[in-house]
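Here is the structure we will look at.
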Amino acid sequence: MVLKMPLPEDELVKERKEKLAQWIKLVGNPYWERFSPQDKIKKIREKFGQIKKGEKTAVNVSIAGRVIAQRAHGKATFFDLKDGTDKIQLYGRFDRLNDKYELLSKIDIGDIIGVKGEVFKTHTGELTVEIEDFTLLAKSLHPLPEKWHGLQDVEIRYRKRWLDLLVNPRVKEIFLARGKIVKTIREFLDKRDFIEVETPIMQYVPGGATARPFKTYHNALGRDFYLRIAPELYLKKLVVGGLEKIYEMNKNFRNEGIDRFHNPEFTMLELYQAYANYFDIMQLTQDIICEVAYKLKGSLKVQYADTEIDFSPPWRKITFKDALREIGKIEVDWTNEENLREVAKSKGLNVEGLSKSQILDHLLDKSVVPHLIQPTIIYDYPFETAPLAKRKKEDPLLVERFELFVSGWEIANAYSELNDPLEQRERLKRSADERFIDEDFLEALEYGMPPTGGLGIGIDRLVMLFTNSASIREVILFPQLRPKKIT
RNA sequence: GAGCCGUUAGCUCAGUAGGUAGAGCAUCGGCCUUUUAAGCCGAGGGUCGCAGGUUCGACUCCUGCACGGCUCACCA
């Protein structure tokens with residue numbers, strides 16, 4: 001399978017290559033040029049935005065960026081130049097540039113140039129830099145997508161994200177927001193004395209969840225590895241080691257279906273706090289997400305699609321049992337497996353070959369979760385649904401677990417960690433594939449892990465919510481697509 | 001994995017009840033020294049996703065395939 005498409009030698013590319021060759025002959029190799037812009041366009045706009053129409057500033061600036069539009073008028077030419085901060089109009093005139101004006105006509109849309117010149121405002125009120133000198137720094141050998149409609153083809157947008165970012169301003173906004181969300185979370189946790197750690201992505205035993213893993217092979221060690229499906233077990237080993245407040249912003253890999261909520265590699269925040277339980281973690285989750293909303297939107301109300309989501313605390317909290325009954329309209333005694341299966345069937349679920357915990361999950365997913373538009377916490381799950389969670393003292397058939405749902409999706413999953421090593425061994429044996437039991441983890445627990453609260457937040461979905469994105473692919477820079485086969 | 005929809009110029013899109021294609025932007029040439037989706041005149045650019053089939057003739061109809069989107073299934 002050929003993954004790389006050769007540059008199509010179409011007319012447009014040929015023309016630009018010829019222009020580059022001409023430029024090298026006349027001026028020199030642009031790729032060797034150096035240019036240190038002293039100014040940023042946004043700053044220039046802030047400083048001079050208010051000057052009058054036709055006013056000249058006598059202030060020279062030096063800026064660099066990409067040409068995104070051109071309007072030639074014979075002996076005068078306008079360009080729009082975009083740097084990392086903003087865009088501004090350039091104006092070049094023959095009687096100022098003389099011989100160099102001819103070179104200016106060799107500049108194409110897409111080229112990266114450095115410019116020195118005076119800031120002024122045109123008669124029509126457009127803040128402009130009059131070109132006194134300019135340098136080509138990189139030639140664009142391909143035409144840019146159209147200025148007005150941008151790049152619409154989602155497939156090209158994802159495969160050639162550089163183009164998407166260049167011409168679709170909203171895309172840049174999404175990823176700036178993503179960066180800000182992640183930064184906000186880090187700052188929040190740092191302030192509360194959490195330590196950021198990194199644990200192995202290549203694991204011998206893929207634990208902490210039950211998704212299908214990706215497999216790989218290490219030559220020198222001569223054995224298989226799995227890409228992690230969750231960092232959970234490693235993080236708890238660190239809690240045993242005395243790191244009492246830790247988090248990892250972790251990429252996970254799950255070998256499952258791809259849809260608008262699932263990418264094979266995705267980002268989670270996982271954190272652990274010793275001497276906390278799931279109620280402490282509920283509070284923490286609420287605090288983190290409210291902080292994100294404030295920092296990003298300046299408000300706890302967020303528009304998603306045609307719904308306003310209000311993160312104002314306290315969030316609705318309801319037990320698993322009540323959620324099934326009140327929201328899902330399901331009356332079931334799940335301690336009676338017969339009854340559970342019957343009820344699930346009557347709700348249209350195909351329960352063939354499903355375990356009890358899977359049926360419980362499906363019941364919740366089908367009948368309850370879609371109704372949870374405003375932030376809702378469901379807590380006290382049947383113990384079968386979470387083999388790493390601690391049982392409730394008052395009702396050992398339940399575990400101290402909660403999940404946060406917003407907009408009908410799961411955003412966070414958390415529990416009081418099971419720290420009884422003997423029970424943990426039993427619970428894992430019962431629920432997991434023998435091969436996938438991490439003995440090191442169990443041994444670590446045997447040394448004694450303090451009572452601990454743990455939390456996982458799906459970062460991609462959180463970013464979807466806060467950027468009003470319909471698909472996870474919109475918030476991942478390079479989402480997974482099939483390689484395009486070229487014959 | 002299944003169903004539905006999509007794929008036409010570099011980009012955004014029309015189109016043919018079956019007679020081998022158009023526009024705008026971009027590009028090239030000409031005019032134009034304050035335009036800004038600049039304007040005016042002219043030009044080039046397409047194996048209509050790929051491969052078969054039906055037909056005198058397929059971009060159009062049929063089948064298969066590829067890639068993408070949505071829905072479902074799968075999925076801690």
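All values reported here derive from a predicted model rather than from experimental measurement. We name chains A, B, ... by the order of the sequence lines, and we start the count at 1 in each one.
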At under 4.0 Å between heavy atoms, what does [X] touch on the DNA or RNA strands: base, sugar-phosphate, or nothing?
X	value
A/F261	nothing
A/R260	sugar-phosphate
A/R159	sugar-phosphate
A/A69	nothing
A/E410	nothing

[Y] versus [X], side-chain donor and acceptor atoms under 3.5 Å:
X	Y	result
A/Y234	A/N250	no
A/Q50	A/R45	no
A/E474	A/S471	no
A/E417	A/Y415	no

Nearest-nucleotide pick for [X], side chain only, options being [options]:
X	options	answer
A/D259	B/U36, B/A73, B/G69	B/A73
A/P387	B/A76, B/C67, B/U71	B/A76
A/E126	B/C70, B/C75, B/U36	B/U36
A/R482	B/A76, B/C70, B/C67	B/C67
A/R473	B/U33, B/U36, B/C70	B/C70
A/R93	B/C75, B/U34, B/G69	B/U34
A/T210	B/A76, B/C75, B/U34	B/A76

Spacing of the [atom1] atoms in [M] and [N] (rounded, Å):
N	M	atom1	value
B/G45	B/C28	P	16 Å
B/U8	B/U12	C1'	12 Å
B/A14	B/A9	C1'	13 Å
B/G39	B/C48	P	31 Å
B/G68	B/A76	P	24 Å
B/G64	B/C56	C1'	26 Å
B/C59	B/G19	P	11 Å
B/C5	B/G46	P	31 Å

Watson-Crick or G-U counterpart of [N], or none if no pair lies under 3.5 Å:
N	answer
B/U47	none
B/C72	B/G1
B/G39	B/C31
B/G22	B/C13
B/G6	B/C67
B/A58	none

Result block: side-chain N/O donor-acceptor pairs under 3.5 angstrom for residues 163-173 of chain A, not counting sequence neighbours:
{"residue": "A/D164", "atom": "OD1", "partner": "A/R157", "partner atom": "NE", "Å": "2.8"}
{"residue": "A/D164", "atom": "OD1", "partner": "A/N168", "partner atom": "ND2", "Å": "2.7"}
{"residue": "A/D164", "atom": "OD2", "partner": "A/R157", "partner atom": "NE", "Å": "3.2"}
{"residue": "A/D164", "atom": "OD2", "partner": "A/R157", "partner atom": "NH2", "Å": "3.2"}
{"residue": "A/D164", "atom": "OD2", "partner": "A/R161", "partner atom": "NH1", "Å": "2.7"}
{"residue": "A/N168", "atom": "OD1", "partner": "A/L151", "partner atom": "N", "Å": "3.4"}
{"residue": "A/N168", "atom": "ND2", "partner": "A/L151", "partner atom": "O", "Å": "2.9"}
{"residue": "A/R170", "atom": "NH1", "partner": "A/T467", "partner atom": "O", "Å": "3.4"}
{"residue": "A/R170", "atom": "NH2", "partner": "A/T467", "partner atom": "O", "Å": "3.2"}
{"residue": "A/R170", "atom": "NH2", "partner": "A/N468", "partner atom": "O", "Å": "3.4"}
{"residue": "A/K172", "atom": "NZ", "partner": "A/G84", "partner atom": "O", "Å": "3.1"}

Rounded to whole angstrom units, what separation is found between the [atom1] atom of [X] and the [atom2] atom of [N]?
X	N	atom1	atom2	value
A/R71	B/A26	CZ	P	10 Å
A/R254	B/C75	CZ	P	13 Å
A/E11	B/A43	CD	C1'	12 Å
A/D361	B/C74	CG	P	12 Å
A/F78	B/A37	CZ	P	12 Å
A/Q70	B/C28	CD	C1'	13 Å
A/L364	B/C75	CG	C1'	15 Å
A/I109	B/U35	CD1	C1'	14 Å

For A/K100, which residues count as a side-chain hydrogen bond (donor to acceptor under 3.5 Å, both in side chains) partner, sequence neighbours excluded?
A/D133
State whether A/K366 places a side-chain N or O below 4.0 Å from either non-bridging phosphate oxygen (OP1 or OP2) of B/A73.
yes
So, is A/K19 close to the B/C28 phosphate, meaning a side-chain N or O under 4.0 Å from OP1 or OP2?
yes
Is there, by distance only and without an angle test, a donor paired with an acceptor across the side chain of A/Q89 and the base of B/U35 below 3.5 Å?
yes
Residue closer to the 5' end of RNA chain B, A/T124 versus A/F94 (nearest nucleotide):
A/F94
Approximate separation, where rounding is to 0.5 Å, of A/S140 OG and A/K19 NZ
10.5 Å
A/R425 and A/E439 ion-paired at < 4.0 Å:
yes
Counting primed atoms plus P, OP1 and OP2 as sugar-phosphate and everything else as base, spell out the protein contacts along nucleotides 5-11 of chain B at 4.0 Å heavy-atom distance: B, S or - for each nucleotide, 5' to 3'.
-----BB
Does [X] have its ring centroid less than 6.0 Å away from the ring centroid of [Y]?
X	Y	answer
A/F320	A/Y381	yes
A/F436	A/Y226	yes
A/W162	A/F478	no

